[in-house]
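These notes are about the structure you will find just below.
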Protein chains: 2
Amino acid sequence: MRNTEQKSVILEVLQTHKDHPTADQLYSEVRERLPKISLGTVYRNLEKLSSSGVIMKLELGGNQKRFDPNPMDHYHFRCITCSSIEDLPQDLKVDLPDINSETRSNRVILGTTLEYYGYCEECAANKILN
Amino acid sequence: MRNTEQKSVILEVLQTHKDHPTADQLYSEVRERLPKISLGTVYRNLEKLSSSGVIMKLELGGNQKRFDPNPMDHYHFRCITCSSIEDLPQDLKVDLPDINSETRSNRVILGTTLEYYGYCEECAANKILN
DNA sequence: AATATACTAGTAATAGTTATCATTAAGGAG
DNA sequence: CTCCTTAATGATAACTATTACTAGTATATT
Ligand SMILES: [Mn+2]
Ligand SMILES: [Mn+2]
Ligand SMILES: [Zn+2]
Ligand SMILES: [Zn+2]
């Protein structure tokens, strides 16, 4: 894996985020620093960075993948109205059962995804006003 | 909501499944009984059936939505090799923390999604052979 | 400096899903 | 049962997110 300016700018821009931007959101921000970059390059590098464990690719509900500068295992809340994704505190850990012993199977478990969904604080407040 | 033959055949076909078919898998099976049905009708009815709580739409990892004849809350395992989705036993319930009190927030929590992923038993066995 | 090749920009292609619209058929009223 | 309103359908186009392709460029190794 070579160190290109594109890759490092994409990573830097992602690391300024506390939320979980989509590829096209990152694309438009990165373009402010590298106006000639192409969307494909953004996707390609996000893929590499996540498969090498530097960042994390989130495949939650909704139709767009999200990218997380924090590759540590943690949980998320997704607002079904505004599509925002919020982090849940990293020390919040649920003790998940061993499904292989429960079901007498020999799967290889690589990980889990736990997502809460509903209305975020802001959207919930807006709903009451209607 | 009117009772059309298309809707009832789609539901019947889905209910024969123990797995979690995609819209196009259901489309090809339904066409054996209703050769003139269109894919849009399948999507439209799956949407209605799930929003009325008869079935469940799954938005897990991977790029296709899956449909589940069982609308009760339960967890799934997803194989990242063959994309199969397996049910975890319905009585397997994890005690999930109240994230609002944890984070002092006023979100409205409508539900959670818990997904295990990895290699299913069959794909895990095949990997050993290579 | 020369070289091999991973990476890029630009663009085309693909896949999944949703929208449009003229036509059909549920199902309630009379 | 017949008429009527309108939800639903089939056919197709449009859309969105993502991936593939390719000739040219830039990285990093020799
Ligand atoms: Mn996160
Ligand atoms: Mn299921
Ligand atoms: Zn919101
Ligand atoms: Zn598998």
Side-chain angles (χ1 to χ4, degrees), chain A residues 1-14 19-52 54-68 78 80-85, chain B residues 1-14 19-52 54-68 78 80-85:
Chain A
M1 184 152 85
R2 286 182 184 169
N3 289 335
T4 67
E5 188 173 9
Q6 288 88 342
K7 181 180 296 148
S8 63
V9 171
I10 289 166
L11 180 58
E12 280 173 33
V13 169
L14 175 58
D19 62 350
H20 302 79
T22 59
D24 59 289
Q25 283 169 350
L26 289 168
Y27 173 53
S28 81
E29 291 176 36
V30 167
R31 255 200 304 189
E32 293 173 17
R33 288 176 56 184
L34 301 173
K36 299 206 64 83
I37 199 173
S38 80
L39 179 58
T41 299
V42 173
Y43 272 104
R44 211 180 317 111
N45 280 296
L46 288 170
E47 196 58 48
K48 295 204 163 172
L49 289 166
S50 62
S51 73
S52 70
V54 180
I55 67 171
M56 186 163 52
K57 177 164 65 168
L58 301 180
E59 304 191 24
L60 307 176
N63 30 238
Q64 285 185 78
K65 289 170 185 159
R66 302 261 173 175
F67 296 89
D68 194 330
R78 176 172 55 93
I80 63 173
T81 299
C82 70
S83 297
S84 67
I85 311 260
Chain B
M1 183 152 84
R2 286 181 185 172
N3 290 335
T4 67
E5 188 173 10
Q6 289 87 342
K7 182 180 294 148
S8 61
V9 171
I10 290 166
L11 180 58
E12 281 172 34
V13 168
L14 175 57
D19 62 350
H20 302 81
T22 58
D24 60 289
Q25 283 169 350
L26 289 167
Y27 173 54
S28 81
E29 291 177 36
V30 166
R31 255 199 303 188
E32 292 173 17
R33 290 176 56 183
L34 302 174
K36 299 204 66 81
I37 200 172
S38 80
L39 179 59
T41 300
V42 173
Y43 272 105
R44 213 178 315 112
N45 279 296
L46 289 171
E47 196 58 48
K48 294 204 166 170
L49 289 166
S50 63
S51 72
S52 70
V54 180
I55 66 172
M56 186 164 50
K57 177 164 64 168
L58 302 180
E59 305 190 25
L60 307 177
N63 31 239
Q64 284 187 78
K65 289 170 185 162
R66 303 264 175 173
F67 296 89
D68 193 330
R78 174 172 56 95
I80 62 173
T81 299
C82 70
S83 297
S84 67
I85 311 262

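We name chains A, B, ... by the order of the sequence lines, and we start the count at 1 in each one.
A straight line from CG of A:Leu58 to C1' of D:dA17 spans 16 Å, rounded to a whole angstrom. The nearest whole Å value for the distance from the CE atom in A:Met1 to the C1' atom in C:dT5 is 16 Å. Put simply, NZ on B:Lys7 is 12 Å from P on D:dG10, counting in whole angstrom units. Here the P atom of nucleotide D:dT25 and the CD atom of A:Glu5 are 17 Å apart, to the nearest Å. Summarising the geometry, the separation between CD1 on B:Ile37 and C1' on D:dA8 is reported as 11 Å, rounded to the nearest angstrom. Atom CG of A:Leu46 and atom P of C:dT8 are 11 Å apart (whole Å).
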Run the numbers on B:Ile10 and B:Ile37 for side chain to side chain contact (heavy atoms under 4.5 Å, CB included), then give the verdict. CA-CA 10 Å; B:Ile10 290 166; B:Ile37 200 172; 4.1 Å; yes
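The distance from atom CD of A:Gln6 to atom CZ of A:Arg44, rounded to the nearest 0.5 Å, is 9.0 Å.
Dashed line: the shortest gap from a side-chain N or O of A:Lys36 to OP1 or OP2 of C:dG10 is under 4.0 Å. Distances shorter than 4.0 Å separate none of the side-chain N or O atoms of A:Thr4 from OP1 or OP2 on C:dA6. For the OP1/OP2 pair of D:dA26 and a distance below 4.0 Å, the side-chain nitrogens and oxygens of A:Gln6 include no atom meeting the criterion. Residue A:Thr41 has a polar side-chain atom (N or O) positioned under 4.0 Å from OP1 or OP2 of C:dA9. Between B:Asn3 and the phosphate of D:dA7, there is no side-chain N or O to OP1/OP2 separation shorter than 4.0 Å.
A pairwise comparison of heavy atoms in A:Tyr27 and A:Ser38 identifies CE1-C, 3.7 Å as the closest pair. Counting all heavy atoms, side chain and backbone alike, B:Phe67 lies closest to B:Leu26 at CB-CD1, 4.3 Å.
Of the possible donor and acceptor atoms, none in the side chain of A:Lys7 sits under 3.5 Å from a partner among the backbone N and O of A:Leu49. Under the 3.5 Å distance criterion, the side-chain polar atoms of B:His20 are left unmatched by any main-chain donor or acceptor of B:Arg66.
Closest to the side chain of A:Lys48, from the set D:dT9, C:dT8, C:dC7, is C:dC7. When distances are taken from the side chain of A:Asn45 to each of D:dA8, C:dA9, C:dT8, the shortest belongs to C:dT8.
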Whether each nucleotide of nucleotides 16-25 of chain C has a protein heavy atom under 4.0 Å at its base (B), only at its sugar-phosphate (S) or at neither (-) is summarised, 5' to 3', as SBB------B
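Within 6.0 Å of CD in A:Glu5 there are 12 or fewer heavy atoms belonging to other residues, nucleotides or ligands.
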